[in-house]
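All remarks here apply to the structure that follows.
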Amino acid sequence: MSTLVIGGTGTTGGLLANLLPDARIGTRKPLRDNHVRFDWEVLATYGSALEGVDRVYLIPPLGVVDPVPVVESFLARARQVRRVVLLSSSAVPESATGMGALPALVRTMPGWAVLRPSWFMQNFTGDHVVAAGVRDGEIVTATGDGRVAFVDAADIAAVAARALTDPVPHNTDHVITGPQALSYADAAAIITEVTGRPVRHRSVSTGELAERLAASLPGEFAAILAGLDEDIRGGAEDRVTSTVEDVTGRPARSFRDFVSRTSIG
Ligand SMILES: NC(=O)c1ccc[n+]([C@@H]2O[C@H](COP(=O)([O-])OP(=O)(O)OC[C@H]3O[C@@H](n4cnc5c(N)ncnc54)[C@H](OP(=O)(O)O)[C@@H]3O)[C@@H](O)[C@H]2O)c1
């Protein structure tokens, strides 16, 4: 039997697949031997992706307002699956519909874990809007002085690997954070100090941020993202958990260490 890693070509799934010798990577564009075609939008791909699989790392369909129907269809076909680890988010509260309804579906499986990571350190790299800000020398958010305990996706993957392979299923929600809550101004100062590149943070209103984001994203999605910044401003992410150390036995990586060893921006 093997583990189906949905999103195995992405940030957390890619790191997780490296930790699991039996990983089968679900992707819309299979290119390698351990890839299998999987597309949330194509029901016909579910059955073959699940063949010989008894564990699943589940990244829900992205950018879908209500992912419940497709995830329900998928889990209904996952009869031989003994364990599902869902990637949710610390910013998504439990709800009757939408993303917040997925944990309840996963909890019906024989073994499960719901991962609730805080914001990823990887947002400061690659295509993310925060990384674009680093490149411009100015990160623009609506977070004010609110703090976030940014977490390394590698630590999320390490927790996921344990949740999938520990002999006893965790059957719990894991709120996963880095070791220190930082404002975006703190993060910018660390980047400047470590890399020598001047980067600052400018906080704008939620409405202004939504407008800025709407230049490159659908308006509804832009408003949701700006709203999450408002939550940060209100202190929603200002907490540190010991989950990484409790589950993996080693401490969570610090933002400073991440910046020192990663190509930021
Ligand atoms: N960024 C943050 O700060 C943060 C914080 C907390 C939680 N999260 C959550 O993290 C999740 C994203 O995880 P990630 O960053 O590890 O992934 P990611 O790097 O954004 O990669 C997305 C993955 O999804 C796959 N994918 C996209 N559309 C698909 C479809 N229709 N069917 C099947 N697979 C599809 C892609 O695979 P292919 O292209 O190969 O098909 C890719 O591997 C989101 O749900 C977000 O809510 C993010």
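These numbers were taken from a predicted model, which means no experiment stands behind them. All ligand and atom numbering here is 1-based and tracks the order in the structure.
Under the 4.5 Å side-chain heavy-atom criterion for ILVMFWY residues, a single connected hydrophobic cluster contains both V199 and V148. F258 and V194 fall within a single hydrophobic cluster, where Ile, Leu, Val, Met, Phe, Trp and Tyr side chains are chained together by heavy-atom contacts under 4.5 Å. Residues V240 and L115 do not share a hydrophobic cluster, clusters being chains of Ile/Leu/Val/Met/Phe/Trp/Tyr side chains in contact below 4.5 Å.
Judged by the shortest distance from any of its heavy atoms, G14 lies outside the 4.0 Å radius around the atoms of ligand 1. Close to ligand 1: S118, with a non-hydrogen atom less than 4.0 angstrom away.
Protein heavy atom at the shortest distance from atom 47 (O) of ligand 1 is M99 CE, 4.2 Å. Among all non-hydrogen protein atoms, the one lying nearest atom 16 (O) of ligand 1 is T12 OG1, 2.7 Å. Closest to atom 10 (O) of ligand 1, if we only count protein heavy atoms, is L87 CD2, 3.3 Å. Summary of contacts: the protein heavy atom closest to atom 26 (N) of ligand 1 is R28 NH2, 3.9 Å. At the top of the distance list for atom 31 (N) of ligand 1, counting protein heavy atoms only, stands D39 OD1, 3.0 Å. Taking atom 48 (C) of ligand 1 as the reference point, the nearest protein heavy-atom neighbour is F120 CZ, 3.3 Å. With hydrogens left out, the protein atom closest to atom 45 (O) of ligand 1 is L62 CD2, 3.6 Å, a heavy atom. Distance from atom 42 (C) of ligand 1 to its nearest protein heavy atom, with residue and atom name: T9 OG1, 3.6 Å.
Between R253 and D155 no salt bridge is recorded (no basic side-chain N to carboxylate O distance below 4.0 Å). Residues D186 and R256 are not paired through a salt bridge, judged by the lack of any N-O separation under 4.0 Å between the basic side chain and the carboxylate. Here E94 pairs with R116 in a salt bridge; the nearest charged N to carboxylate O distance falls below 4.0 Å. Ion pair R212/E138 not flagged as a salt bridge, since none of the NZ, NE, NH1 or NH2 atoms sits closer than 4.0 Å to an Asp/Glu carboxylate oxygen.
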Using distance only, find each side-chain donor-acceptor pair of residues 54-65 under 3.5 Å and give its atom names and separation, not counting sequence neighbours.
from, atom 1, to, atom 2, distance (Å)
R55, NH1, L164, O, 2.4
Y57, OH, T12, OG1, 2.8

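Heavy atoms from other residues, nucleotides or ligands lying under 6.0 Å from CD of E220 number 12 at most. Crowding of D246 atom CG: a count of heavy atoms from other residues, nucleotides or ligands under 6.0 Å exceeding 12.
Evaluation of the ring-ring contact (aromatic ring centres under 6.0 Å, His included) rule for F255 yields F124, F150 as partners, not counting sequence neighbours.
Applying the 4.0 Å criterion to heavy atoms of I59 picks out, from ligand 1, the atoms 13 (O), 16 (O). Interface of P117 with ligand 1, defined as ligand atoms under 4.0 Å from a residue heavy atom, comprises 6 (C). Heavy-atom contacts of T27 reach the following atoms of ligand 1: 38 (P), 40 (O), 41 (O) (cutoff under 4.0 Å). Per-residue contacts place N123 under 4.0 angstrom from the following atoms of ligand 1 (heavy atoms of the residue considered): 1 (N), 2 (C), 3 (O).
In terms of polar-atom proximity, defined here as any N/O pair under 3.5 Å, W40 does make such a contact with ligand 1.
Considering only non-hydrogen atoms, atom 7 (C) of ligand 1 lies nearest to S88 out of S88, A49, G10. The closest heavy-atom contact to atom 23 (C) of ligand 1, among the options G8, G7, P61, comes from G7.
When non-hydrogen atoms are compared, ligand 1 lies under 4.0 Å from neither the backbone nor the side chain of A153.
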